[in-house]
Amino acid sequence: MIINADLHIHSHYSAATSPRMDLPTLAKEAKRKGIQLLGTGDCLHPKWLSGIRELEERNGIFYFKDKEEDKNTNTKFVLTVEVEDARRVHHLLILPSIAKAEELYESFRRYSPDIDSDGRPSLRLSGEEIAEHAKDAEALIGPCHAFTPWTALYAYHNSLCECYGDLVGYVSFVELGLSADSSYADRIEELRGLTFLTNSDAHSPYPIRLAREFNRFHVEDISFEDLKAAIERKRSRKPVLNVGVPPKEGKYNESACIRCYKHYSLSEAIIRKWRCECGGMIKKGVRDRVNELANCDASPPEHRPPYLHLIPLAEIIGLALHKSASSKTVTGIWESLLAEFGTEVNVLVDASIGDLHATNFNLDARVVEAIKAFREGKISVKPGGGGKYGVIEIKPRGSEEGEEIELEEEEGRGQKRQLSLLDY
Ligand SMILES: [Zn+2]
Ligand SMILES: [Zn+2]
């Protein structure tokens with residue numbers, strides 16, 4: 001069977017999250033999105049864990065009970081947590097059971113006096129030590145948003161080994177983060193054997209956040225063991241698709257000045273000692289960080305699944321109609337599409353273009369063309385950098401040049417559309 005999974009989110013017990021990051025809201029929103037398996041996030045937090053404990057559990061998967069609905073279509077959860085190590089590198093752990101979560105909580109609390117204060121605990125441990133604890137708890141582990149300029153493995157280390165030491169062989173995946181995709185990571189030899197995860201790291205349950213990146217796996221059954229086998233690509237379980245936003249849209253994609261946003265090539269920035277002509281600091285972009293680390297050609301290894309660049313449906317509708325994603329028009333179309341196709345993933349990934357053209361309501365053909373453009377990779381992005389988001393453009397038919405999209409409302413006339421869905 002094929003499942004869509006978003007394995008990295010945060011509960012309302014993590015800092016800077018929406019108070020609506022609760023289990024019922026997450027279960028409901030994941031279902032509308034088309035996500036069958038959602039990471040719980042924050043599973044070491046005693047209060048969050050006690051809510052999860054209430055759910056029916058089978059083979060390490062927690063079933064959210066929704067009385068009116070068929071149990072099989074209800075959102076399922078798997079225990080996950082993000083932790084920060086002593087060097088500020090973030091790691092994602094995927095756990096097999098409540099008992100192991102309790103065990104890990106007990107062993108970690110010695111290294112984190114305020115472990116109960118945040119759903120994402122900071123631990124006075126190295127990456128290697130955290131991996132050792134994860135191994136003892138039979139949990140999967142890998143670095144989160146590996147290339148972002150802060151709180152990430154390659155921000156502080158030059159290799160996986162430098163971070164995980166002797167435990168490097170136990171790492172089974174790398175979370176790419178919103179500013180990178182497989183074509184970036186496959187240029188680094190040590191990553192080519194690993195599975196790449198694309199997760200949302202959502203801090204709010206809204207459809208423009210939750211599952212803005214997700215993984216599609218082939219499994220036999222929805223269980224912890226099958227998820228583990230899929231990530232490790234064993235027993236014919238495997239990832240079959242990564243879905244994520246175009247990396248160039250990230251606000252630190254290229255190296256650029258954080259004051260005036262002027263972009264620089266890596267060599268130029270080095271010559272200028274990372275100082276802009278305006279005097280501001282040039283922040284190294286994810287693309288240049290990958291350029292520094294790259295040590296092989298980018299042709300993907302055989303096991304690597306395709307990577308589909310998508311943005312949330314409301315953003316695509318907004319882009320197609322030159323309206324804000326939160327406008328009434330866009331929301332109305334979004335609701336109608338969901339009523340007809342069931343989930344956002346069905347609309348964006350699975351419905352045929354013919355079916356999208358033949359909806360029961362009068363759907364603007366520009367919306368279908370925009371969805372098609374994303375599926376076919378016919379979009380162009382003016383890269384972000386220095387803290388400013390990239391600008392996405394849909395290429396008009398028969399043209400190699402990007403169309404300049406202008407907004408009609410909310411964000412003002414004459415302004416180029418700027419997407420603000422990226423945290424990194
Ligand atoms: Zn993080
Ligand atoms: Zn500058």
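What you are looking at is a predicted structure, and each value in this text was computed from that prediction instead of being measured. Counting starts at 1 for both ligands and their atoms, following the listed order.
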To the nearest 10 degrees, how large is the angle at the Zn ion (ligand 1) between His145 NE2 and Glu82 OE2? 100°
So [Y] and [X], do their side chains get closer than 4.5 Å, heavy atoms only?
| X | Y | value |
| --- | --- | --- |
| Tyr307 | Asp186 | no |
| Arg58 | Phe224 | no |
| Pro149 | Lys283 | yes |

Rounded to the nearest 10°, what angle sits at the Zn ion (ligand 2) between SG of Cys278 and SG of Cys260? 120°
Taking the Zn ion (ligand 2) as the vertex, measure the angle between atom SG in Cys276 and atom SG in Cys257; round to 10°. 110°
Look at His90 and state whether any of its N, O or S atoms is less than 2.8 Å from the Zn ion (ligand 1). yes
Relative to the ring of Tyr13, is the ring of His45 parallel (under 30°), tilted (30 to 60°) or perpendicular (over 60°)? parallel
